[in-house]
Amino acid sequence: MRFAPNPSGPLHLGHARAAFLNDEYIRRYGGRYILRIEDTDPKRVDPEAYDMVREDIEWMGLSITETIFQSDRFSKYYDVGRELIQKGHAYVCRCDNEVFKDLKMHKAACPCRSQSPEEAMELFEQMLEGAFAEGEVGVRLRTDLDHPDPAMRDYPLFRVLTSTPHQRVDAIVYPLMNLSVAVDDHLLGMTHVIRGKDHIANTRRQEYIFRYMGWDTPVYRHYGRMGIEGVVLSTSQMRAGIRSGEYSGWDDVRLGTLRAMARRGIQPQAVRNAVLEIGIGETDIQFSWENLYAKNKEIIDSTADRFFFVPDPVKVRVTGSEPVVAKAMRYPGDESRGYREIPFHGSIFLPGAELSSGAEFLRLKDLFNIRLYHEGDCVRGEYAGDDLQEARSKKAPIIQWLPETLASACILKCAEGDINGVCEPEALAEKDRIVQFERVGFARIDTLGDPAVAYYAHR
RNA sequence: GCUGAUAUAGUGUAGGGGUCAAUCAUGCAGGACUCUCACUCCUGCGACUGGGGUUCAAAUCCCCAUAUCAGCACCA
């Protein structure tokens, strides 16, 4: 099996599907799992992407057994190219692109097609020596001009590219993916290839090469296209968004990249479970965040300690009670995980939304009931008893609160925007921690400080 | 335009001639539990794209239509 990303940017959910699906087959049936970096187009290689891809794969925890770079293997591609030419299966085409396209659509041969293997070989060697300029020539495979699918007719194998130097290899002639992929799939002993439906035509093209070379073809599986609601998965579109300042970076919370998910506290195992559930169906699907969130919650709920986070905090003076200390469980129902101690002495923060909801009788969670009095722009609170049952029977909202003296500023980063708030200092004890802000949702503590920054995951 | 693939609840899946008045998860609604709108538990809601055909019997096989997606790049 293999996972073969193009190093043009960080990996996203679409990559994760291919990566985990292949990984799962390895887990179940054994075999080698080759990470193949497909960097045969210098125009599409982002030098930083090599590292990003490596990091993302580490995050996913794939059981990769070996890693290869196609840019190290150009000579192998040239060798196969020569062999195909020798066998009369390929020729060097000097036609104008538009002209060829037109001929192809009419099932007509271009003049170059009648080359002898010797002529073609001569031209190919000249190509390698740099005798031709970029765009002037290409090597094409002789397939079948009568093929009903125009996409199959004499497709290209190599091109000349000099305008963009490659990061890792000094080359004039570049293999195109159908050649390099077919060669590597064979040379690396691939028995099964699982990839997206968008490669279905490429599979058929590559099968020509396998046939001409007398190689056994792998078993191919093509899964359907996947879209994600409200997210662009296209690397180039994401890059454009970052450049224009619309996104803060590759890990912007609104992006479908793995690093964006990681930052929000989405666990790799959750992504794995979600994409494995989707499977290798050929149906095009619209991936919904809900399903991923459910998988993630399954994993993080039991380990995430609970804390108060007060969004859009409003300071309220509460009278009628002596200072007391509230004890709140770190995890409901599990005393062994201990308690947070939250002191009350008059002045507290309450969620702005709660005050404007119109409720007049509330319970401060783990403390006591209060009655609210709206006096102009100000809100005043008054102690209204300790009875939890009373609050329940009156269907009073049980809300989170924080004392003025024990409230750390915290920005909660959401896809919809930032929410300013305050939270318990203890929640900010360590970076990377995943907590649940009661009545708000799960979040990952991203940056300590004043204000601290937390990334919102989901409810 | 040509070529090909696909079509089951809002979303994702199972089911490949009878046991399907269709599985599971998620979602939503209600309830139980609970000092969170979390977790857990219970109940409910919600789907075979349309039309023909084959057959005693079709979600399942065939044809047509429709829709969606992909390819027809000197990208992967």
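Chain letters run A, B, ... following the sequence lines, proteins first and then strands; every chain starts at 1.
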Remember a base hit wins even if backbone is also touched, and classify Ile285(A) as base, sugar-phosphate or nothing at under 4.0 Å, heavy atoms.
-> sugar-phosphate

What about Arg439(A): does its side chain form a donor-acceptor pair under 3.5 Å with the base of rA38(B)?
-> no

Exercise: do Arg2(A) and Asn22(A) side chains pair donor with acceptor under 3.5 Å | no

Within the distance-only criterion (no hydrogens, no angle test), does the side chain of Arg433(A) pair as donor or acceptor with the backbone N or O of Ile445(A) below 3.5 angstrom?
-> no

Establish whether the base of rU11(B) is bridged to the side chain of Glu229(A) by a donor-acceptor pair shorter than 3.5 Å.
-> no

Could you check whether Pro351(A) gets within reach of a base, just the sugar-phosphate, or nothing at all, counting any heavy atom under 4.0 Å?
-> nothing

Chi angles and distances behind the salt bridge (charged side-chain N to carboxylate O under 4.0 Å, His left out) call for Lys197(A), Asp284(A) = CA-CA 9 Å; Lys197(A) 236 166 64 170; Asp284(A) 297 333; 3.1 Å; yes

How would you label the contact of Pro156(A) with the nucleic acid (heavy atoms, under 4.0 Å): base, sugar-phosphate, or nothing?
-> sugar-phosphate

Indicate, yes or no, whether a donor-acceptor pair under 3.5 Å links the base of rC37(B) to the side chain of Arg459(A).
-> no

In this structure, are over 12 heavy atoms from other groups packed under 6.0 Å from Glu48(A) atom CD?
-> no

With no hydrogens and no angle check, do the side chains of Asp154(A) and Tyr91(A) hold a donor and an acceptor under 3.5 Å apart?
-> yes

Shorter than 3.5 Å, N or O on both sides, protein versus nucleotides 3-7 of chain B: list them out with atom names.
| unit_1 | atom_1 | unit_2 | atom_2 | d |
| --- | --- | --- | --- | --- |
| rU3(B) | O2' | Asp149(A) | OD2 | 3.2 |
| rA5(B) | O3' | Glu282(A) | OE1 | 3.4 |
| rA5(B) | O2' | Glu282(A) | OE1 | 3.2 |

Please tell me which of Phe442(A) and Arg225(A) maps to the more 5' nucleotide of RNA chain B, matching each residue to the nucleotide holding its nearest heavy atom.
-> Phe442(A)

Starting at the 5' end of RNA chain B, which residue's closest nucleotide do you reach first, Pro332(A) or Lys101(A)?
-> Pro332(A)

His458(A) and Phe442(A) aromatic centres sub-6.0 Å | yes

